[in-house]
Participant: 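I'd like to ask some things about the structure below.
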Number of protein chains: 2
Amino acid sequence: MNNLVFKQALQQYFTPTSSEWEHIQDKLSFRSLAKDECLIEQGEVCRQLTFITQGMIRYCQYDYDNNEHTTCFAWENFFCAPFSSFIHSTPSFESLIALENTHLIEINKVDFFALVETIPGINLVYRKVLEAAYLLTEKHNYILQNYPAAERYQTLVMQDHPTLLQRVPLKYIASYLGINPETLSRVRRKI
Amino acid sequence: MNNLVFKQALQQYFTPTSSEWEHIQDKLSFRSLAKDECLIEQGEVCRQLTFITQGMIRYCQYDYDNNEHTTCFAWENFFCAPFSSFIHSTPSFESLIALENTHLIEINKVDFFALVETIPGINLVYRKVLEAAYLLTEKHNYILQNYPAAERYQTLVMQDHPTLLQRVPLKYIASYLGINPETLSRVRRKI
DNA sequence: TTCATTTGTTGACTTTTGTCAAGTGTGGTT
DNA sequence: AACCACACTTGACAAAAGTCAACAAATGAA
């Protein structure tokens with residue numbers, strides 16, 4: 001069941017042989033998070049790669065005044081991790097918190113990198129995941145640095161992810177746009 | 001000469017066999033940029049990976065009002081490219097412009113990915129380059145989004161890259177910090 | 001050296017966004 | 001139904017950074 005969702009996700013990139021799939025499946029474990037439960041806390045070192053089979057995760061960081069800032073949302077069929085922590089075993093910049101009750105597949109980091117080395121298809125998947133993560137944050141950051149509040153809303157929400165509005169409280173959307181809820185409220189009123 | 005610098009850079013990650021090195025060397029070409037010359041213009045699709053043997057490159061983007069924003073600096077011994085464009089063959093978000101007279105080694109994208117597929121060491125190097133690029137922009141963005149002007153200067157310049165001050169005009173540093181030159185000037189006066 | 005251009009600084013003012021406080025609305029619990 | 005917590009909105013005001021204009025300082029070319 002859950003495994004199948006995962007296999008389908010891999011098959012976007014390669015079709016594992018049955019022996020490869022055996023090896024992969026061996027390393028998977030399952031986990032659920034209740035709404036508001038933490039997958040990883042800021043400062044922790046990330047030790048596994050996570051794949052979301054159902055639900056939604058919010059990435060957030062804390063600034064010098066301990067205010068929370070949302071940097072990313074991830075949902076069904078995406079891999080999620082604080083990648084720099086996952087890659088370099090350094091403390092994570094961000095916390096990952098469930099926005100809804102969420103079902104996950106986890107692969108331990110050591111196991112995952114062993115698969116990357118031994119299964120070329122997994123190497124490819126890893127590259128694609130990194131590339132996609134890079135692209136997503138690049139755009140988010142480009143918009144946050146170069147556009148005022150109203151344009152951020154238009155681009156990052158209305159244009160790119162209008163469905164967020166149905167799933168995510170506005171206060172987190174405001175935080176994703178790098179503005180506060182009051183400002184978002186004023187932006188939305190003017191439209 | 002130039003090749004040697006490049007080989008040394010690779011050797012941080014792996015030691016190519018002499019036949020591997022032959023294949024790699026075959027694909028390298030050399031290029032120089034005068035100060036202010038453009039390596040890649042925003043909107044262009046990036047078709048090669050570049051390695052800097054001497055000099056310095058500035059990455060910059062243009063916002064909705066066509067104001068320029070510096071997002072990154074790269075110098076000797078670093079690979080540089082607008083990675084999302086390089087990876088996905090999409091128009092580059094940013095222009096790459098020489099800050100000084102600069103010497104480069106280039107590898108055509110198709111050749112490079114062929115090397116990634118055939119030489120495991122190059123695959124590793126590519127992963128490391130991507131990971132490093134990801135980490136660098138992640139920190140830059142984290143600071144820009146979460147800290148006010150004075151703290152951005154302290155962290156990104158004084159702490160991380162104080163040598164920038166000797167090589168880069170303040171107006172570009174201001175732009176890298178997401179503030180204007182007047183604000184930077186005021187920040188520096190207060191210290 | 002001199003002159004012109006670019007770079008950097010400063011002050012006065014404006015704009016944008018944030019902060020604080022009060023209020024409305026909604027959903028869930030008892 | 002009544003209450004509570006939470007999400008969201010609104011207004012008045014404050015703070016941070018941007019804009020514009022003037023000028024100073026450094027750099028480079030003639």
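Predicted model only: the values in this text are computed from it and were never measured. What's counted below: heavy atoms across the whole structure, side chains too, no hydrogens, waters or symmetry copies. Each chain gets a letter, A, B and so on, in the order its sequence line appears, and its residues count up from 1.
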Participant: Would you say the base of D/dC8 and the side-chain of A/Glu182 have a donor-acceptor pair closer than 3.5 Å?
Facilitator: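 Checked by distance alone, the answer is no.
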Participant: For a quick test of reading the model, state the closest non-hydrogen atom pair linking B/Asn101 to B/Lys35 and the distance between them.
Facilitator: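 Smallest interatomic distance, heavy atoms only, reads OD1-N, 2.8 Å.
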Participant: Quick one, A/Leu49 and A/Glu106 - any side-chain contact, counting heavy atoms below 4.5 Å?
Facilitator: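 No. Closest side-chain heavy atoms not under 4.5 Å.
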Participant: Whole angstroms only, please: what is the OH-C1' distance between B/Tyr153 and C/dG8?
Facilitator: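 To the nearest whole Å, that distance equals 13 Å.
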Participant: Please tell me whether A/Glu138 and B/Ser84 have a donor and an acceptor in their side chains that are separated by less than 3.5 angstrom.
Facilitator: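 A pair is found: one side chain offers a donor N or O, the other an acceptor, under 3.5 Å apart.
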Participant: I need the NZ-P distance between A/Lys171 and C/dG18, as an integer number of Å.
Facilitator: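 The answer, rounded to whole Å, is 17 Å.
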Participant: Round to the nearest Å and state the distance from B/Asp36 atom CG to D/dG28 atom P.
Facilitator: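 Distance, rounded to whole Å: 12 Å.
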Participant: Hey, which of these two, B/Ala149 or A/Pro169, hits DNA chain D nearer its 5' end, going by closest nucleotide?
Facilitator: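 Between the two, 5'-proximity favours A/Pro169.
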Participant: Round to the nearest Å and state the distance from A/Asn67 atom CG to C/dC20 atom P.
Facilitator: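 From A/Asn67 CG to C/dC20 P: 10 Å.
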Participant: Tell me which one of B/Phe112, B/Phe79, B/Phe30 satisfies ring pair (Phe, Tyr, Trp, His ring centres under 6.0 Å) with B/Phe51.
Facilitator: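 With B/Phe51 as partner, ring pair (Phe, Tyr, Trp, His ring centres under 6.0 Å) holds for just one option, B/Phe79.
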Participant: Given that A/Ala150 and B/Val168 both sit by DNA chain C, which one's nearest nucleotide is further toward the 5' end?
Facilitator: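 On the 5' side of the pair lies B/Val168.
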Participant: Rounded to the nearest Å, what distance is computed from the NZ atom of residue B/Lys35 to the P atom of nucleotide C/dT7?
Facilitator: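 Value for this atom pair: 7 Å.
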Participant: Taking the six-membered ring where the residue is Trp, are the ring centres of B/Phe73 and B/Tyr176 under 6.0 Å apart?
Facilitator: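 Yes.
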Participant: Confirm from the modelled atom types if A/Arg186 and D/dG11 form a donor-acceptor pair under 3.5 Å, side chain to base only.
Facilitator: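 Indeed, a donor on one side and an acceptor on the other fall under 3.5 Å apart.
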Participant: Taking 4.0 angstrom as the limit, do A/Lys139 and B/Glu94 come out as a salt bridge?
Facilitator: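 Salt bridge absent between A/Lys139 and B/Glu94.
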Participant: Roughly, in whole Å, what's the span from CG in B/Leu184 to C1' in D/dG18?
Facilitator: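 Going from B/Leu184 (CG) to D/dG18 (C1'), I get 14 Å.
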Participant: When the distance from CD of B/Gln166 to C1' of C/dT7 is rounded to whole Å, what number comes out?
Facilitator: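 Atom-to-atom, B/Gln166 to C/dT7, this comes out as 17 Å.
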Participant: Do any of residues 173-180 of chain B sit with a heavy atom less than 4.0 Å from DNA chain D, and if so which?
Facilitator: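 Listed by number, they are B/Gly178, B/Ile179, B/Asn180.
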Participant: Taking atom types as modelled, is there a side-chain donor on A/Lys109 or A/Ser89 under 3.5 Å from an acceptor on the other?
Facilitator: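 A donor-acceptor contact under 3.5 Å links the two side chains.
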Participant: For B/Thr183 and D/dG18, is the shortest distance between a side-chain N/O and OP1 or OP2 below 4.0 Å?
Facilitator: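 B/Thr183 to D/dG18 OP1/OP2: side-chain N or O found under 4.0 Å.
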Participant: Looking at C/dT17, I'd like to know if its phosphate oxygens (OP1 or OP2) sit under 4.0 Å from a side-chain N or O belonging to A/Arg152.
Facilitator: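 So the side chain of A/Arg152 is outside the cut-off, no N or O lying under 4.0 Å from OP1 or OP2 of C/dT17.
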Participant: Rounded to the nearest angstrom, tell me the gap between atom CD in B/Glu151 and atom C1' in D/dA15.
Facilitator: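 Rounded to the whole Å, the gap is 14 Å.
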